[in-house]
Every structure is written in structure tokens, then in C-alpha cells.
Amino acid sequence: MEYRIALLKGDGIGPEIIDETVKCLDAVSEKFGHSFAYEELLIGGAAIDETGEPLPKATIDACLASDAVLMGAVGGPKWDTIDPAIRPEVGLLGIRKALGTFVNIRPAKLYAPLADACPLKPERIGEGLDLVVCRELTGDVYFGRKWRDEDGTGHDDMNYTIPEIERIARWGYALARQRRNHVTCIDKANVLETSRVWRETFERIASEYPDVRTDYLYVDNAAMQLVLNPGQFDVIVTGNLFGDILSDEASCITGSIGMLPSASLGDTSLGLYEPIHGSAPDIAGQNKANPIATILSAAMMLRYSFGLSAEADAVEAAVSAVLDAGHRTGDIAKPGETILTCSEMGNLIASAI
Ligand code: NAD
């Protein structure tokens, strides 16, 4: 079967990390007999330079016609001083919206050979760390009415509709069924009306999934539990604001930003996959970037957009094997360790696949 993949390389290290990821996808296609058809499209600063806008309509149309979108990163000092309305980041928000994505999934997994990079004491990590934050993307205080009174008082209206909560809850349960059958719903139902609606809705949806264990935590306690005992979590489901904060907290537990993938998904299988890091202008064009976050994002694409679980497992196993063998890019190397280039790391993972 042929899968059409829109490639948005973007700026800075974007082209380098996407090129290494394509090598790995080609290795998957060779091993499993699939065909991946790539189409390169403009986004971010690269698009501004060529067309004057960060997200050309041709990019949106081609992404909508594809089976999945794989993105590098956008932005850089060159475009920092231009009109905010057409900054590279506008392209990023625009493509998430155009694809109708409403859930952002960020796995936070600590690879055993990188345990030293974890900022927590080993006894806090215990048997390991492997959780996923499912953050709602379209509602909450970010999208409510914003206004100021005459006396300068600021307001942000926080709201959630019941259908918005139902669909993210179902997403979380479906994900938990592919993992360890455990959902933690995080809210602030002791104080916020939005959260009380969130929790009531969640409890109703939870009854549809008796095989999945559901825990409920207030967000302040959840922030504490993430650093005290992160191994207790499997799938965390939460709103836009709490998810923004908790997903960053969860990510940093795993060490390097160069290791962390993400997926943004909606009602269809068409998703957007990207590393959580930015365009790293300080190392761009030097073949120094760690491509693993993007390669793991491609593994998420295989799993969630194409339903190719064995293929996704093969990519993740190849990453583990290369790390187990002691291979490191600069961001994850300890002093004195040999440092690989971005393309050497990509080659090793592709051959491990
Ligand atoms: P950044 O994530 O680009 O870089 C932060 C630090 O992490 C840098 O020292 C960088 O070298 C390092 N780093 C990041 N990714 C790495 C990788 N794969 N391998 C090795 N080291 C890596 O964040 P920043 O410096 O705050 O932002 C740079 C630009 O990226 C800005 O223009 C910002 O707006 C943009 N940005 C884009 C996205 C995105 O496209 N999703 C996200 C965040 C920031």
C-alpha cells in the first residue's frame, strides 16, 4: 500500500532531521514492503522567503490531500523582527488548525541508557518512566473571550463544551487500551466550574471503558506527583492550559529535548507529527542535531495515522538498540564520549531497522 507523506522541513535544523527521518522510513518500507510517497512543502521562514507568507495555501491543500504530515521545526533569528502576523510560528498554528487537530500527544519515556540525563534521583524513577500526556488543543482559557475593563482588569473566559470533553476522553481511553489500560484525568474540579463539567463528563465516559482503570487528580497534586513518582502514570488526559504546563514538566524528566516526539490528531487519521524542540539556530547547518525526536515522531505517524504498529515498534526498537550500543549525538553525550553527527545517527538507526 502507498502512504502519502507531506514533508514540512521548515527552518534551522528542520531539513537535517527530516532527511535522517526519511532514511529511516525508507528502511521501514524496504523491510515491510510499504511504499511511502513524499511531497516537500514550504512552511515557516523558508515559506516567507519564497512566497511572503508562512503557510501558503498550496501547503495546506497538499497536507489535506496527504495521509500524514511530518514536520521539522520553524523559526529563527532571521524572521524575529518581521510583522508578528506573518511570523514563522503563525504557520505552525495555522497548519494545526487547518488539519482540525484537537489532541496533542506527547510521550515521555526515559531510555535506560540515558538515565543519567534525567534530573530526578534514580529512586524517584524506580522501574522506569513511560507515560503519555494527552492535551486538549481547541478549548479552555486559550480560546475563550479575552477583554479588559475600563479600570484595566483583565479577563480570560475559561470554557469547555461537553462534546469537546467527550472526544478527548474517548481519545485517552483508546490510547490507554493500546498501552497499560490506565487513564489519569487531571483537572481542578475542587475550584473551577469548567473542571466540574470536565470531571462529570469524564466519569460518564469512563463507565464505557470498564477494562481501563481511571484515576482523578487535581492539577496541583498532579504537578507534584510527576516529580515524586512519575512511574505511576500511563495516559494523562487533561485540558489545554493544564496540559501545556504538565506536558513540559513530563518532557523534561526524560533529559534531552532532542529525544521527544509529538503527534497532533483530530477526528480522522490525518495527523501532524513533529519533534517538540524548535529549529535550534545555534547548531543549524552543522550536522550536529539529534534526529531521534523526529524519527520517533515518524514512529508515532506509522502507529496512529497508518495503523502500522509492528513498523512503529521496529523504529522504536532500533532507536533503543542504537542507544544501548552507546551511540550519542552531542546533546545526549557525557563528557569524553564520542559524538556522532546527525547523519551518522540517522544511518545507524536506519540500518538497525
Ligand atoms: P530550540 O528547541 O530550537 O533550542 C533550544 C536548545 O536545544 C538549543 O540549544 C538547541 O541547540 C537545542 N536543541 C534543540 N533541538 C535539538 C536537537 N534535535 N538536537 C540537539 N540539540 C537540540 O528552542 P529555541 O532556541 O527557544 O528556539 C529557536 C527557534 O525555534 C525560535 O525561532 C522558536 O520560535 C522556534 N521554535 C519552533 C518550534 C516548532 O517549530 N515547533 C518549537 C519551539 C521553538
Side-chain angles (χ1 to χ4, degrees), residues 6-21 23-24 41-49 54-55 59 63 69-99 101 104-106 111 114 117 119 135 137 244 247-248 251-252 254-264 271-300 319 322-323 327-334 337 339-346 348-349:
L7 293 181
L8 308 183
K9 291 184 172 181
D11 310 314
I13 60 170
E16 300 162 56
I17 54 182
I18 290 286
D19 287 348
E20 297 316 310
T21 303
K23 276 184 198 167
C24 294
L41 300 153
L42 289 167
I43 193 166
I48 296 170
D49 288 351
L55 184 63
T59 296
C63 286
V69 181
L70 185 63
M71 200 176 85
V74 297
K78 182 175 176 192
W79 305 281
D80 276 353
T81 49
I82 63 171
D83 175 2
I86 58 151
R87 276 179 65 107
E89 292 77 7
V90 174
L92 184 60
L93 297 180
I95 191 66
R96 285 180 184 152
K97 185 156 188 248
L99 296 177
T101 61
N104 181 251
I105 301 177
R106 270 195 199 182
Y111 286 84
L114 299 185
R135 167 189 173 195
L137 277 184
D244 191 359
S247 62
D248 271 20
S251 314
C252 83
T254 63
S256 172
I257 198 170
M259 293 290 301
L260 299 166
S262 81
S264 298
L272 173 68
Y273 301 87
E274 53 177 322
I276 73 156
H277 60 71
S279 61
D282 52 335
I283 55 168
Q286 299 169 42
N287 202 10
K288 283 183 178 169
N290 182 351
I292 292 180
T294 318
I295 292 169
L296 292 174
S297 301
M300 294 182 84
V319 168
V322 166
L323 293 173
H327 300 297
R328 304 283 185 267
T329 43
D331 59 316
I332 50 174
K334 281 191 282 194
E337 280 183 328
I339 292 177
L340 299 185
T341 62
C342 181
S343 42
E344 284 168 339
M345 184 55 104
L348 282 171
I349 297 170

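Whatever order the structure lists ligands and atoms in, that order sets their numbers, starting from 1. Since the model is a prediction, treat every value here as computed from it, not as a measurement. All values below come from the heavy atoms of this structure, side chains included, with hydrogens, waters and symmetry mates left out.
Using modelled atom types, one side-chain atom of S262 and one backbone atom of E274 make a donor-acceptor pair closer than 3.5 Å. Here the side chain of S297 pairs no donor or acceptor atom with the backbone of Y273 at under 3.5 angstrom. Judged by distance alone, with hydrogens and angles left aside, the side-chain atoms of R328 form a donor-acceptor pair with the main-chain N or O of L323 at under 3.5 Å.
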Under 3.5 Å, which donor-acceptor pairs do the side chains of residues 280-287 form with other protein atoms, sequence neighbours left out?
{"from": "Q286", "atom 1": "OE1", "to": "K288", "atom 2": "NZ", "distance (Å)": "3.0"}
{"from": "Q286", "atom 1": "NE2", "to": "D282", "atom 2": "O", "distance (Å)": "3.1"}
{"from": "N287", "atom 1": "OD1", "to": "C342", "atom 2": "N", "distance (Å)": "3.3"}
{"from": "N287", "atom 1": "OD1", "to": "S343", "atom 2": "N", "distance (Å)": "3.1"}
{"from": "N287", "atom 1": "OD1", "to": "S343", "atom 2": "OG", "distance (Å)": "3.3"}
{"from": "N287", "atom 1": "ND2", "to": "S343", "atom 2": "OG", "distance (Å)": "2.9"}

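Within 4.0 Å of ligand 1, protein heavy atoms come from I13, A73, V74, G75, G76, E89, L92, I257, G258, E274, H277, G278, S279, A280, P281, D282, I283, A289, N290, D331.
A salt bridge links K78 with D49: at least one charged nitrogen is closer than 4.0 Å to a carboxylate oxygen.
Side-chain contact between L8 and C63: present, with at least one pair of heavy atoms (C-beta onward) separated by less than 4.5 Å.
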